[in-house]
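Below: one structure, written as structure tokens.
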Amino acid sequence: MFTGPAYDINQCRIYCRVASNTTGGNGAIVAYDGENGNGNILWSWHLWVTDYAPEHTGNVQVLSPVNKRKLRFIYGNSDVLPVMDRNLGAMVGYVDMAPTSYRDMSKANGLHYQWGRKDPFPSSYTEKEIEMIDNKNSSTPPEGMQNRYGADGIAYVVNDGKMDLTNLRGVCQNPTVFYAKRGQIAGGITTGIGPEWTTEMGSAVWGDTKTVWDPCPAGWRVASRTDMGAIVRSGKNVSNDATKSKDGGYLVYYEASGSGHTSYFRFTGYGRYFNTFVNIGNLCTVWSCTGENTTKGYSAARLFMEGNYDAISMYKSDAHTIRCIQERE
């Protein structure tokens, strides 16, 4: 193992082996400034273990095979590049069909991200509609949430949250901590409400040109509001309005109004404040890379089960799902 200073890019590679019986999922590895996992964390990487491997070039829609599938959201935007058929971190994506069990629905959740941040956070995992989980940071696994485990696969990793912000270096040293600025909500209750998650919000950005903070795989970036415009172009443009509750999400037409193929968007809910997760089974929100200002970013879509269907600006400290789009043709 090379432990001295690096003078060449070939000395800056990290190798990670996944167990042979792994069927898919998500993990993270980190680099420390000390030996044997000691010292401060310098950087972290999300590992998306999946057989899903769409080509990151070529401006064509691919529907088969499933592990190569990518979609062109062309309704109102014929120039758009292909988008992944699933959320970042999801184990599966669905086209023209909805999953039939809550386990399969949850496989489509993927992970959640604060706007402009590279570090993923767990999604929901339940067959229930839950308005709010207010013990997300519990020392034991909270009902309704996906769980994280340590390197041994046994030790539960707490969904830690902090109200006292730090700079980007401090955030990178704590990739599993959900930061949201201290503030007061109704009733004078003090909690981490955001909208900031770092003291350097102006430096942590996503965009049409990929940045170091973009969590998408190589060749892909977070889709913009324009890239995802087909999803909310004409209101509720879905094929399963009558069965949306049973399906746990919407099948949204993305090629035209009321026709063509559909893509499944799961009602995951989202991470709000530093210690809560809300609207599980009732709301799907997808971030775009389009920022409004230093404290708010635009969602690409906000799809409520009861009918509200739009794309609005939201606190950057909120954690939503992501769809990745090709960087180039």
Side-chain angles (χ1 to χ4, degrees), residues 1-3 6 9-57 62 64-70 83-94 99 101 103-113 117-125 141 145-160 172-178 210 212-222 266 268 319 321-324 326-327:
M1 179 182 294
F2 182 81
T3 58
I9 191 171
N10 292 318
Q11 297 172 332
C12 301
R13 296 180 183 275
I14 293 177
Y15 297 90
C16 178
R17 185 175 63 185
V18 177
S20 59
N21 62 346
T22 299
T23 58
N26 295 276
I29 59 173
V30 299
Y32 292 89
D33 62 6
E35 295 185 18
N36 302 316
N38 294 309
N40 295 313
I41 293 175
L42 299 174
W43 196 256
S44 60
W45 293 265
H46 164 219
L47 302 181
W48 186 11
V49 182
T50 177
D51 65 354
Y52 180 59
E55 297 293 336
H56 62 267
T57 57
V62 177
S64 180
V66 172
N67 72 324
K68 296 289 186 180
R69 191 163 58 195
K70 56 185 182 179
V83 176
M84 288 187 178
D85 76 339
R86 64 199 66 190
N87 293 341
L88 178 56
M91 297 182 70
V92 67
Y94 296 98
S101 72
R103 184 167 181 250
D104 288 337
M105 294 172 195
S106 295
K107 286 182 178 180
N109 285 24
L111 299 168
H112 291 244
Y113 294 82
R117 190 173 178 186
K118 67 178 182 64
D119 306 305
F121 292 93
S123 187
S124 54
Y125 184 82
M145 293 293 298
Q146 292 178 353
N147 298 331
R148 295 183 294 194
Y149 295 94
D152 60 3
I154 299 173
Y156 173 65
V157 176
V158 173
N159 294 308
D160 196 8
C172 289
Q173 290 174 344
N174 295 277
T176 63
V177 175
F178 191 104
K210 189 170 183 176
V212 70
W213 308 110
D214 189 306
C216 290
W220 303 81
R221 63 165 173 81
V222 179
R266 166 78 165 139
T268 61
T321 59
I322 284 173
R323 288 282 180 113
C324 301
Q326 286 179 202
E327 285 191 83

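In this chain, residues are counted from 1 in sequence order.
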Open item on the list: side chain to side chain contact (heavy atoms under 4.5 Å, CB included), that's the test. Do Y94 and R266 meet it? Break it down for me.
Closed with: CA-CA 10 Å; Y94 296 98; R266 166 78 165 139; over 6 Å; no

Task: Worked verdict on I14 versus I29 for side chain to side chain contact (heavy atoms under 4.5 Å, CB included) - done: CA-CA 10 Å; I14 293 177; I29 59 173; 3.8 Å; yes

Open item on the list: Run the side chain to side chain contact (heavy atoms under 4.5 Å, CB included) test on M91 and S106 for me, step by step, so that the C-alpha distance in whole Å, both residues' side-chain angles and the decisive distance to 0.1 Å come before the verdict.
Closed with: CA-CA 9 Å; M91 297 182 70; S106 295; over 6 Å; no

- [ ] Give the C-alpha distance, both sets of side-chain angles, the deciding distance and a yes or no for side chain to side chain contact (heavy atoms under 4.5 Å, CB included) between N159 and R148.
- [x] CA-CA 8 Å; N159 294 308; R148 295 183 294 194; 3.3 Å; yes

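The two residues L88 and Y113 come nearest to each other via the heavy atoms CD2-OH, 3.3 Å. Nearest heavy-atom pair, W213 versus C172, reported as atom, atom and distance to 0.1 Å: CZ3-SG, 3.6 Å. P175 and R117 get closest at one heavy-atom pair: O-NH2, 3.8 Å. The two atoms that bring Q173 and N40 nearest to each other are NE2-CB, 3.8 Å, heavy atoms only. Taking every heavy atom of both residues into account, C216 and I322 meet most closely at SG-CG2, 4.1 Å. Shortest non-hydrogen contact noted between G39 and Y32 is O-CD2, 3.4 Å.
Between the D214 side chain and the R221 main chain, no donor and acceptor come within less than 3.5 Å of each other. Looking at S124, its side chain never comes within 3.5 Å of a backbone N or O of M145 through a donor-acceptor pair. For Q146 (side chain) and S123 (main-chain N/O), a donor-acceptor pair under 3.5 Å exists by modelled atom type. A distance-only check finds a donor-acceptor pair linking the side chain of N38 to the backbone of E35 [under 3.5 Å]. A donor-acceptor distance shorter than 3.5 angstrom exists from the side chain of K118 to the backbone of S44, with no hydrogens or angles considered. Within the 3.5 Å criterion, the main-chain N or O of N109 finds a donor-acceptor partner in the side chain of N87. Side chain of N147 to main chain of P141: no donor-acceptor pair is present (N/O by atom type, distance under 3.5 Å, no hydrogens or angles). For the pair D152 (side chain) and A155 (backbone), a donor-acceptor distance under 3.5 Å is present. Y52 places a side-chain N or O within 3.5 Å of a backbone atom of R69 that can act as its donor or acceptor partner.
Both tests do not hold together for K210 against W220: distance to the six-membered ring centre under 6.0 Å, angle to the ring axis within 45°.
Distance CG/N174 to OG1/T176: 7.0 Å, rounded to 0.5 Å.
Ring pair F178/F121 is perpendicular by interplanar angle, where above 60° counts as perpendicular and below 30° as parallel. Classified by interplanar angle (parallel below 30°, tilted 30° to 60°, perpendicular above 60°), the ring pair W43/W45 is perpendicular.
Between P217 and M84, the closest side-chain pair of non-hydrogen atoms falls below 4.5 Å.
No side-chain donor-acceptor contact under 3.5 Å links D119 and H46. In the model, H112 has no side-chain atom that pairs as donor or acceptor with a side-chain atom of T321 under 3.5 Å.
Ion pairing of E55 with K68 is present here, as a side-chain N (NZ or NE/NH1/NH2) and a carboxylate O approach within less than 4.0 Å.
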